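Read the structure below first, then the notes.
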Amino acid sequence: MQIVRNDGQLATVTQRISRMGSPDQLVLSFDDGTSLTIAEDVLIQNEDGTYLIPLDQTMLTDMELASLDNNEQIVVPVIKEELQVTKESVERSMVRVTTKVDSHEEVIDEPLLYEWVSVDRVPVNQLIENIPDVREENGVMVIPIIEEVLVIEKKILLREEVRLTKHKATVRKPQRVVLRSQMVEIERFPTETTDNPSI
């Protein structure tokens, strides 16, 4: 890999130090004769493929390492970048919903009620004193028909009675009717958007 310092000096990796549980340490030598040790994961990769040493990275030169006592400890800060992901809504396509009417036939068979009246004429031919009223006997309507006749004395003759009887019957008459229902058709139309939306 090609590593560049912030002043433009190129660095050469002379040693890689690997430790269990910690990032690799790189020992770098520059063209001006200086050297430093830096964690590999803090290097910043440029678009041209080169790696840049951060300005705020604490670096230890050979001279600084030599000035430390054998039992003296140093603290080297390690920088780590974190990725922050955001989401945004992108219109990918359009949906058109249309409806159409579909007709079909169905057979209905419901009971229908009919009523009719049968007329029976019953001869009576009986003289009566008073005009009888219309009456109902056991569900039969009786309508008296009267007539005046000449006799030695004037009397009312009940000529006949008209009896009306109600009848009920249930019949079925299948009929064809047309029922309509709606169907849905969906069409999708893509819109012009970026293939790879930014994250």
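All residue numbers refer to positions in the sequence shown, counting from 1. Basis for what follows: all heavy atoms, side chains included, without hydrogens, waters or symmetry-related copies. Just so it is clear, the model here is predicted, and its values are computed rather than measured.
Shortest non-hydrogen contact noted between Leu157 and Asn125 is CD1-C, 3.3 Å. In plain terms, the two heavy atoms of Lys173 and Asp109 that are nearest each other are N-OD1, 4.2 Å.
The backbone N or O of Ser118 sits nowhere less than 3.5 Å from a side-chain atom of Thr165 that would complete a donor-acceptor pair. Side-chain N or O atoms of Arg163 include none that pairs as donor or acceptor with a backbone N or O of Val140 at under 3.5 Å. Side-chain atoms of Asn46 never come within 3.5 Å of backbone atoms of Asp48 as a donor-acceptor pair (strictly under, hydrogens ignored).
Between Thr98 and Arg96, some side-chain heavy-atom pair lies under the 4.5 Å cut-off. The shortest distance between side-chain heavy atoms of Leu127 and Ile156 does not fall below 4.5 Å. Using a 4.5 Å heavy-atom cutoff, the side chains of Val134 and Pro144 are in contact.
At most 12 non-hydrogen atoms from other residues, nucleotides or ligands lie less than 6.0 angstrom from CZ of Arg188. Heavy atoms from other residues, nucleotides or ligands lying under 6.0 Å from CD of Glu136 number more than 12. Heavy-atom neighbours of Glu137 CD from other residues, nucleotides or ligands within 6.0 Å: above the threshold of 12.
In the hydrophobic clustering of this structure, Leu158 does not group with Val142; members are Ile, Leu, Val, Met, Phe, Trp, Tyr whose side-chain heavy atoms approach within less than 4.5 Å, directly or through other members. Residues Leu43 and Val13 are members of one and the same hydrophobic cluster, defined by side-chain heavy-atom contacts under 4.5 angstrom among Ile, Leu, Val, Met, Phe, Trp and Tyr. Cluster membership check: Val162 shares its hydrophobic cluster with Val117, using side-chain heavy-atom separations under 4.5 Å among Ile, Leu, Val, Met, Phe, Trp and Tyr. Under a hydrophobic-cluster definition in which Ile, Leu, Val, Met, Phe, Trp and Tyr are linked whenever side-chain heavy atoms come within less than 4.5 Å, directly or via other members, Val119 and Ile145 are assigned to the same cluster. The hydrophobic clustering, which links ILVMFWY residues whose side-chain heavy atoms are closer than 4.5 Å, places Ile131 and Val124 together.
Applying the salt bridge (charged side-chain N to carboxylate O under 4.0 Å, His left out) definition to pairs two or more places apart or across chains, those involving residues 111-127 are Arg121-Glu160.
A distance of 9.5 Å separates CZ in Phe30 from CG in Leu10, rounded to the nearest 0.5 Å. The structure places CG of Leu52 at 11.5 Å from CD of Gln45, a figure rounded to the nearest 0.5 Å. Note that CG of Asp41 and CG of Leu26 are 9.5 Å apart. Values are rounded to the nearest 0.5 Å. Of the inter-residue distances, the one linking Glu110 atom CD with Gln175 atom CD reads 10.5 Å to the nearest 0.5 angstrom. Taken to the nearest 0.5 Å, the OG1 atom of Thr170 stands 6.0 Å off from the CG atom of Leu113. Note that the CD1 atom of Ile38 and the CG atom of Asp24 stand 13.0 Å from one another [nearest 0.5 Å].
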Worked check of side-chain contact (heavy atoms from CB on, under 4.5 Å) between Thr86 and Glu88 = CA-CA 7 Å; Thr86 60; Glu88 63 179 7; over 6 Å; no
